[in-house]
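Contents: one structure, followed by commentary.
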Amino acid sequence: MPGVTVLLKGSTTASSTGVDGSFTLSVPEASGVLIFSYIGYTTQEKAFTGPGTINVVLSDDTKALEEVVVVGYGTQKRADITGAIATLDAKAIEERPIARVDQALVGQMAGVRVQQTSGLPGKGFSIQVRGSGSITAGNEPLYVIDGFPLDVSTQNSAGGFSQGNPLDNINPNDIESIQVLKDASAAAIYGSRGANGVVIITTKKGKSGKPKINYNTYAGWNETAKKLDVLSGEEWIERAVEMINFNWVNSGAGRTANQTTAQRRAILGRFSNSLMLDERWLQPGYPGLKIIDWQDEMFRKGIVQNHQLSASGGTDAVKYFVSGDYLNQEGVAIGVGYKRYSGRANVEVTASDKLKFGVNLNPSYSIATDPGVEGKDQALHRAVGFTPVQEDTVGLDVNTGNFLPYTWGVSPNSPVRVVENSIGEAKTFRTLVTLFGEYSILKNLRFRSTINLDHADVTNKSFTPSFVSGQRGNRLASGTFNGYRRQTFVNENTLSYDRVFAEKHNVSALAGLSYNMGNFNNYQIRSAGGFGTDDITTLNAANNINVGSTFTSESMHTMLSYFGRLQYNFADRYLFGFTVRRDGSSRFGSDTKWGTFPSASVGWRVSEEAFFDNVPVINDLKFRGSWGISGNNTIGNYGHIALLDFSNYTFGGNIATGQVPANAPNPNLGWEESSTIDIGLDMGLFQNRIFTSFDYYTKVNSNLLLNIPVPTATGFGTALTNIGEVLNKGWELELTTRNLEGPLSWTTNLNLSHNKNEVRQLGPNNTPIQGGDFDTPHRILQVGLPLWSIYVVQQDGILTQADIDNKVPLYGRQTVGDPRYVDADKNGVITADDRVVVGKPNPDYTWGFTNTFAFKGFDLRVLLQGQWGGEIYSLFGRAIDRPGMGLVENQLGLNRDRWRSPENPGAGERGKANSSFGFLKSTAWLYSSDYWRVRNITLGYDLGRLITNKKLIQGARLYVSAENWFGKDKYEGGFNPEAVNTGGDDYGAFPLSKSVTMGLNVSF
């Protein structure tokens, strides 16, 4: 066999075989070991005692096909899988410094879109498997950790998870493997919660043998990956002069731009900052003024450090894995950070040949600090639009304490001083516990029972002192305390049977019963009328309590399930699988609470057929197909029954508290269903030197849990019902190539996904549903369009005098130099009725590209990731990029190329500074959401090669890593093209961070 690499173990001396399989290699006189390796074949070692002839026979490497993959309630050989399952190896987590488990999934799996909607440390990511299919119910997958199915949590319109993210506080270093079940045949075993896919996470376990101790640590810094381009202080002054002179010249006859402020004041008889200049703007160096870049003042380099110590080992009777972890991550803005303390103990006891039992215990505690930096009217929003010119005697203290706002500046308090002095803490204490026992009734028949508990206590405290609030003379402190307790209890019992008949008939059967109960109790108390002192930040110091914002609430839901699975494999060639699950949920009516979710799959391993023996290029070929139905019940707990709310009314001339109906009950409310068809191909070439998987799928979500508009005569604006249908269809490609092996190895992993969704049915008359906060709705649900298509007026350049003369349609009091809009309805006037569909929020394609190299102890991993084909609508433009903005505010840098005159029309995208027609939502705030990022570059070195005495240290690896250091997007109107923080849109996102860290992994 030609091309086999022959390496002298412990050295760099190597050779390769010729066309006849022969080789020569200079070796020492003493004994040693030769390593023989070739792509697609198992690596072998041969000892020698001196020069001589060695014969070696290499065998096919079937490891990839024999690899065991975790599926629902069991495992399968990868070769036997008939569903669409993506796998992430623990090495992708261990070899880079990451703070969250979901961070490790970015760009790693086809069909799994991981959105980092916020750059705040500790914040959860949003994950979509094969697109968004639901409108009102959730689109997040089900997470299963060590067999424990956690409650599904939905990302809210503010970008957070109001009941916690299932991956909160989970230590990534504890993870052994991650599988994502993408199609219904794989996920239907989880029935009602599998409509959006299932993420199965397996943590590390102990193995028999000598105890192994690992210490992993890293430290470094992170900084903002992006600053928003806004006008500089000098550019703001130039714009302010332009606007004020325009206002003055047009305020009365005989007024000119070259008149001084003193002259203008004498003419007007009073002072007006909209008509008079700060004369210091016209002097060199702006004496008495200070130019401030508020973003630079807000951002910082934050230090990050992580330490983990773990021990594992055991005997044939007891195996254990224990770990402790500490993470401290300062955010890229002042006042922002995240700390996590976690522990884990996984213990398994084999009491006899028939009985084994164990416990998985994972307590954790975290503190996330955020004084209010993200979203509408929060500190970063303020900083971007804050006046970049201030009195030099005031500087960053503008409008705090006894300092006033700058005369030509905005009125809010200094965002820097607000975040420096405010408190914003979210403390999470969470414990995950799984107790399990397994008993072998017969040789091939096993019974397993688990008891699982997820307990989380979360408290949020906020306090803003009086001296950074309000205006001088009316400064009041404010505070809020809220939190929740969430508990999920699950008991599952399964009976499994596995047997091979006549060496060719492989049968596997599973039957199970599951009980799930979830409690969620939350509370809030808020101050009113300020505090007696800024020194006491607890609410007992508040002057009053805001009764309308103070509450407690309790809710509970339960689910009972029966499920079964049958798998048949004939001669590792013909594969069949059947699954059914029946769920009963307390969230639905008595006649509709039960749902049945079946699935079926088939596979044909063509490469195992006798006629395929003469196809040497293709060593593995499998066709597979599947169909299945799964469900979705991610809604509130009591939509099917009538609820009451409080309301005030007048009785006897006094205000009295009464109760009113709070919802339109629907006793027939039932399951939302997702039906998926998947056709797939797995193929290995050149002894798996090239391995690829391709899937084509259609997913139809029907009987949607949808809030449809109803006549207001009912007393309600919407009602929750089962109606509507959404189609997702697309394809996925995964490709792995082992390009080089030997002293220099190079492996490439590529994944590419395409998804298209379409609304196929809405309410009874398919009436479009509009959405989007603030002013006119800018999103629309309409049959034939993608979910929540962007629906705004089109801007078409800038109005000229010729346009005015030709009587082009105008909006309000538009004049020359204002934006020109398209009259879509052709009625001769611009209104909100001229809105058209101009984009969609979800990308057409997502991709990830990883290259891994190894050479003489060095390893290098580079991960690129991105998306294209979607749009983002920036509501942030409403604050920093709208026509007619006041001169006191700062604007996006796009406005430096604004229209100034017919002779200087600018870039044709932004109109004149002085506009008075108002504004409407248009394509001026529409941006492409395309981006690419070098998510990670990690360079490591195996220090174990330098360790001669391994009695104490068994191995060590030193590495340096760069996260998010390179990349580009087209989102000029915001920090993050995936941002969600206000009403489902971006209204001042917190930017992503880029980091550099150095780490050390040591094994004892």
Side-chain angles (χ1 to χ4, degrees), residues 133-139 142 151-154 156 162-163 190-196 488-489 514-522 551 553-563 580-598 629-647 658-675 700-726 759-767 769 771 781:
S134 185
I135 296 173
T136 302
N139 284 296
L142 169 70
D151 253 2
V152 177
S153 184
T154 301
N156 57 35
S162 54
Q163 296 189 17
Y190 291 104
S192 62
R193 295 164 293 177
N196 302 311
T488 302
F489 173 82
S514 175
Y515 171 76
N516 182 298
M517 185 268 290
N519 283 322
F520 185 78
N521 304 330
N522 63 324
F551 64 86
S553 70
E554 300 176 359
S555 65
M556 183 179 75
H557 67 91
T558 59
M559 187 165 66
L560 184 65
S561 307
Y562 308 91
F563 52 90
V580 65
R581 181 165 178 138
R582 186 161 172 80
D583 290 322
S585 172
S586 64
R587 288 173 168 165
F588 302 126
S590 57
D591 296 331
T592 54
K593 66 176 57 177
W594 288 97
T596 302
F597 307 102
I629 297 175
S630 50
N632 192 341
N633 69 339
T634 314
I635 56 171
N637 288 331
Y638 306 112
H640 64 291
I641 60 175
L643 303 177
L644 294 175
D645 201 356
F646 295 102
S647 182
Q659 293 178 314
V660 296
N663 69 322
N666 182 357
N668 296 316
L669 202 63
W671 292 93
E672 180 175 305
E673 294 185 343
S674 173
S675 175
V700 178
N701 289 62
S702 56
N703 295 322
L704 298 184
L705 292 162
L706 181 62
N707 281 306
I708 62 171
V710 296
T712 54
T714 62
F716 306 99
T718 61
L720 183 62
T721 188
N722 287 103
I723 195 168
E725 184 174 289
V726 173
V759 178
R760 299 177 63 172
Q761 182 189 2
L762 286 172
N765 299 314
N766 284 329
T767 303
I769 299 174
L781 290 171

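Not measured: the values here are computed from a predicted model. Keep in mind that the numbers below use all heavy atoms, side chains included, and drop hydrogens, waters and symmetry copies.
Side chains of Phe588 and Leu705 form a contact here, defined as non-hydrogen atoms less than 4.5 Å apart. Taking 4.5 Å as the limit, some side-chain heavy atom of Trp594 sits within range of a side-chain heavy atom of Leu560. Counting heavy atoms from C-beta on, the side chains of Ser514 and Phe563 come closer than 4.5 Å. At least one side-chain heavy atom of Tyr515 sits under 4.5 Å from a side-chain heavy atom of Thr558. Residues Val700 and Arg760 form a side-chain contact, since some pair of their non-hydrogen atoms from C-beta on lies under 4.5 Å apart. Annotation: side chain of Met559 is not in contact with side chain of Met517 (no heavy-atom distance under 4.5 Å). Side chains of Ile641 and Leu643 form a contact here, defined as non-hydrogen atoms less than 4.5 Å apart. The side-chain heavy atoms of Thr488 and Asn516, taken from C-beta on, include a pair separated by under 4.5 Å.
The line from CG of Asn522 to OG of Ser555 is 7.5 Å long, rounded to the nearest 0.5 Å. Here the straight-line distance linking atom CD of Glu725 with atom CD of Gln761 works out to 6.5 Å at 0.5 Å rounding. If you take NE2 on His557 and CG on Asp151, they are separated by 3.5 Å, rounding to the nearest 0.5 Å. Between Ile635 atom CD1 and Asn633 atom CG the span is 7.0 Å, to the nearest 0.5 Å. Between the CG atom in Asn707 and the OG1 atom in Thr718 there is a gap of 4.5 Å [rounded to 0.5 Å]. Rounded to the nearest 0.5 angstrom, Ile723 CD1 and Asn703 CG are separated by 9.5 Å.
Atom CZ of Phe551 is surrounded by more than 12 heavy atoms from other residues, nucleotides or ligands within 6.0 Å.
A side-chain donor-acceptor contact under 3.5 Å links Arg581 and Ser561. Under the 3.5 Å distance criterion, with hydrogens and angles disregarded, a donor-acceptor pair is assigned to the side chains of Asn632 and Thr634.
The aromatic rings of Phe597 and Trp671 sit perpendicular, their planes meeting at an angle over 60°, well past the 30° parallel limit.
Shown here for Ser586 and His640, the closest heavy-atom pair between the two residues is O-CE1, 3.1 Å. Counting all heavy atoms, side chain and backbone alike, Leu762 lies closest to Leu706 at CD2-CD2, 4.1 Å. Across all their heavy atoms, Ala195 and Gly631 have their closest contact at CB-O, 3.1 Å. Shortest non-hydrogen contact noted between Thr154 and Gly138 is OG1-CA, 3.4 Å.
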Can you check side chain to side chain donor-acceptor pair (under 3.5 Å) on Asn701 and Ser134, steps first, answer last? CA-CA 7 Å; Asn701 289 62; Ser134 185; 5.8 Å; no
